[in-house]
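The chains referred to below are lettered A, B, ... by the order of the sequence lines, with proteins before strands, and numbering in each begins at 1.
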Protein chains: 2
Amino acid sequence: MKHDNRLSSVLHVLIHMIELDRPVTSAELAVMLNTNPVVVRRTMAGLREAGFVASEKGHGGGWVLSEPPAAITLFDIHQALGITDLFTLGHRSDNPRCLVEQAVNAALDDAMTAAKALLMARLKTITLADLTADFQKRMEPFGQTTLADMWNRHLKTKGHSAKGDPK
Amino acid sequence: MKHDNRLSSVLHVLIHMIELDRPVTSAELAVMLNTNPVVVRRTMAGLREAGFVASEKGHGGGWVLSEPPAAITLFDIHQALGITDLFTLGHRSDNPRCLVEQAVNAALDDAMTAAKALLMARLKTITLADLTADFQKRMEPFGQTTLADMWNRHLKTKGHSAKGDPK
DNA sequence: TTTCATGTAACTTTAAATGTTACATGATAG
DNA sequence: CTATCATGTAACATTTAAAGTTACATGAAA
């Protein structure tokens, strides 16, 4: 099954944006995700339309959060991405004429609806601030250097800056 | 997202097998699923290995249930199919070195684990007998002719019998 | 001994997610 | 004012997993 990695990706870069606390370009985010700036823009577009982030063009431009991390839940992000399919389980046919198949689909839909409700309820209880706090706890064993420091220092090193779109 | 339709498919044909109450060939089941006998055999293989159905070669051969419908749950079938991936949501990378990504993955895994547990618990409460009963309730408005009658009559009609594998 | 049926390996097709290329738009530095 | 940096997005290519297909071996029953 080919998965939809957008939620995971977007959460990853959102936490980095919180840590960096400055406009971050698609090129930089692409390095973090080991992908391409265009993919970043395409993925972030939904979040922008939903008002959770804003983007600016030109020098000093990039992406910033539009709301405090504690005000954004994982459910918000999930919804902003427009993800509807949650399960790999599918129906052989939608609107089947066969009554047997209708009974089967009804039973499976029932179970999946309940599981989806639970998952969405869980995502509503977790904010970006929670994830950031968890990350910081994971950083503790490595001393008080912040990831933001490391990244910003990294960017100043010759040959390591995140390049823009390939010409 | 390309779905895994095996559970839906297999449940569909299992109920038909219960209704027909005789060995049913892969060719017949393929007609019901609007697919090909080889796909049927491949999909049913897991159920055979798990002991829920048995298959016989030669004239009068085909598939039969090995256990009473009330003794087989949807969870059993799901497991017998060897389905492990349940969610379309994926991680960008497994075993990420980035602590941010680790925090994100942990949060998402947590939520998905809970949802999976609920879904599996639901599937354990539903037996093939339950699905058959639901199907029969759906049949009521159409009078007392059974689907098995219809199908068996259909097979006797010239030109409508389920053909074997294409030569 | 012919026909019917399953078993399975190997290959092809399909569809969704992701990656890539190309170019338009707009903001800022100098 | 124009070169550079950055986003926005359409169009196309690649990748991968599910499903479909072909081919042939095995075995049971008429």
Side-chain angles (χ1 to χ4, degrees), chain A residues 1-10 22-31 33-49 53-64 81-93 155 161-167, chain B residues 1-10 22-31 33-49 53-64 81-93 155 161-167:
Chain A
M1 164 70 48
K2 195 143 193 179
H3 294 85
D4 183 342
N5 299 319
R6 288 178 298 159
L7 182 59
S8 166
S9 300
V10 145
R22 59 166 174 79
V24 190
T25 67
S26 300
E28 287 179 281
L29 299 178
V31 169
L33 292 178
N34 196 27
T35 182
N36 170 310
V38 178
V39 172
V40 171
R41 287 184 203 117
R42 189 160 64 205
T43 309
M44 298 285 282
L47 304 199
R48 185 188 55 231
E49 284 154 23
V53 298
S55 54
E56 290 288 349
K57 290 176 179 173
H59 285 94
W63 299 87
V64 290
L81 288 172
I83 298 173
T84 50
D85 259 356
L86 256 191
F87 298 97
T88 58
L89 278 173
H91 296 145
R92 176 122 201 129
S93 56
L155 288 183
S161 51
K163 293 302 197 314
D165 294 18
K167 192 176 62 280
Chain B
M1 166 69 48
K2 195 146 193 176
H3 294 87
D4 183 341
N5 299 321
R6 288 179 298 159
L7 182 60
S8 166
S9 301
V10 145
R22 59 164 174 80
V24 190
T25 66
S26 300
E28 286 180 281
L29 298 178
V31 169
L33 292 177
N34 196 26
T35 182
N36 169 312
V38 177
V39 172
V40 172
R41 289 185 200 116
R42 190 159 65 204
T43 308
M44 297 287 280
L47 304 199
R48 184 187 57 230
E49 284 154 24
V53 297
S55 54
E56 291 287 351
K57 291 174 178 173
H59 284 93
W63 299 88
V64 290
L81 288 172
I83 298 174
T84 51
D85 260 356
L86 255 190
F87 298 97
T88 58
L89 277 173
H91 296 143
R92 176 118 202 136
S93 56
L155 288 183
S161 52
K163 293 302 197 314
D165 293 20
K167 197 175 58 281

**Fill in**
Separation of D:dA18 atom P from B:Arg6 atom CZ, nearest Å, is 7 Å
**Request:** Measure the distance from CG on A:Asp85 to P on C:dA15 and round it to the nearest whole Å.
**Result:** 15 Å
**Between C:dT6 (C1') and B:Trp63 (CH2): distance, integer Å** = 7 Å
**Request:** Write down the distance between CG (A:Leu89) and C1' (D:dA18), rounded to a whole number of angstrom.
**Result:** 13 Å
**Request:** Could you check how far NE2 of A:His91 sits from C1' of D:dA18, rounded to whole Å?
**Result:** 17 Å
**Asked** Between D:dG8, C:dT8, D:dT4, which nucleotide has the shortest distance from any of its atoms to the side chain of A:His59?
**Response** D:dT4
Output one line per pair: protein atom, nucleotide atom from nucleotides 23-25 of chain C, and distance, for all N/O pairs under 3.5 Å.
from	atom 1	to	atom 2	distance (Å)
C:dT25	O2	A:Lys57	NZ	3.2

**Message:** What's B:Gly60 touching, base or sugar-phosphate or nothing? Going by heavy atoms closer than 4.0 Å.
**Reply:** nothing
**Message:** Need one value for A:Arg42: base, sugar-phosphate or nothing, where a base atom within 4.0 Å counts as base even if backbone is also close, heavy atoms only.
**Reply:** base
**Message:** Less than 3.5 Å apart, any donor N or O on the side chain of A:Ser26 or A:Trp63 sitting next to an acceptor on the other?
**Reply:** yes
**Asked** Out of B:Val40, B:Val64, B:Leu29, which residue meets the side-chain contact (heavy atoms from CB on, under 4.5 Å) rule with B:Val24?
**Response** B:Leu29
**Request:** With the side chain counted from C-beta on, respond yes when A:Leu33 and B:Arg92 share a heavy-atom pair under 4.5 Å apart, and no when they do not.
**Result:** yes
**Request:** Tell me whether the OP1 or OP2 atom of C:dA17 has a side-chain N or O from A:Asn5 closer than 4.0 Å.
**Result:** no
**Asked** Rounded to whole angstroms, how far apart are CG on A:Leu81 and P on C:dT18?
**Response** 10 Å
**Request:** For residues B:Phe87 and A:Thr88, report the shortest heavy-atom separation together with the two atoms involved.
**Result:** O-CG2, 3.4 Å
**Item:** 5' priority, DNA chain C, between B:Ser26 and B:Lys2 [closest heavy atom]
**Value:** B:Ser26
**Request:** Return no unless some side-chain N or O of A:Thr25 is found under 4.0 Å from OP1 or OP2 of D:dA6.
**Result:** no
**Asked** Is any side-chain nitrogen or oxygen of A:Ser55 closer than 4.0 Å to OP1 or OP2 of D:dG8?
**Response** yes
**Prompt:** Does the side chain of B:Thr43 reach to within under 4.5 Å of the side chain of B:Leu81, using non-hydrogen atoms?
**Reply:** yes
**Message:** Quick check: do A:His3 and B:Leu89 have side-chain heavy atoms less than 4.5 Å from each other?
**Reply:** no
**Asked** Just to confirm, is there a sub-4.0 Å distance from OP1 or OP2 of D:dT7 to any side-chain nitrogen or oxygen of A:Arg41?
**Response** yes
**Request:** Would you mind reading off the distance between B:Asn36 atom CG and C:dT12 atom C1', rounded to a whole angstrom?
**Result:** 13 Å
**Request:** Could you work out which one of D:dA19, D:dT9, C:dT8 sits closest to the side chain of B:Arg48?
**Result:** C:dT8
**Request:** Decide if atom CG of B:Asn34 counts as having more than 12 heavy atoms of other residues, nucleotides or ligands within a radius under 6.0 Å.
**Result:** no
**Message:** Quick check: closest heavy atoms across A:Pro23 and A:Glu28, and the distance to 0.1 Å?
**Reply:** O-OE1, 4.5 Å
**A:Gly62 or A:Arg92, whichever maps to the more 5' nucleotide of DNA chain D** = A:Gly62
**Prompt:** Rounded to the nearest Å, what distance is computed from the CD atom of residue B:Glu28 to the P atom of nucleotide C:dA5?
**Reply:** 8 Å
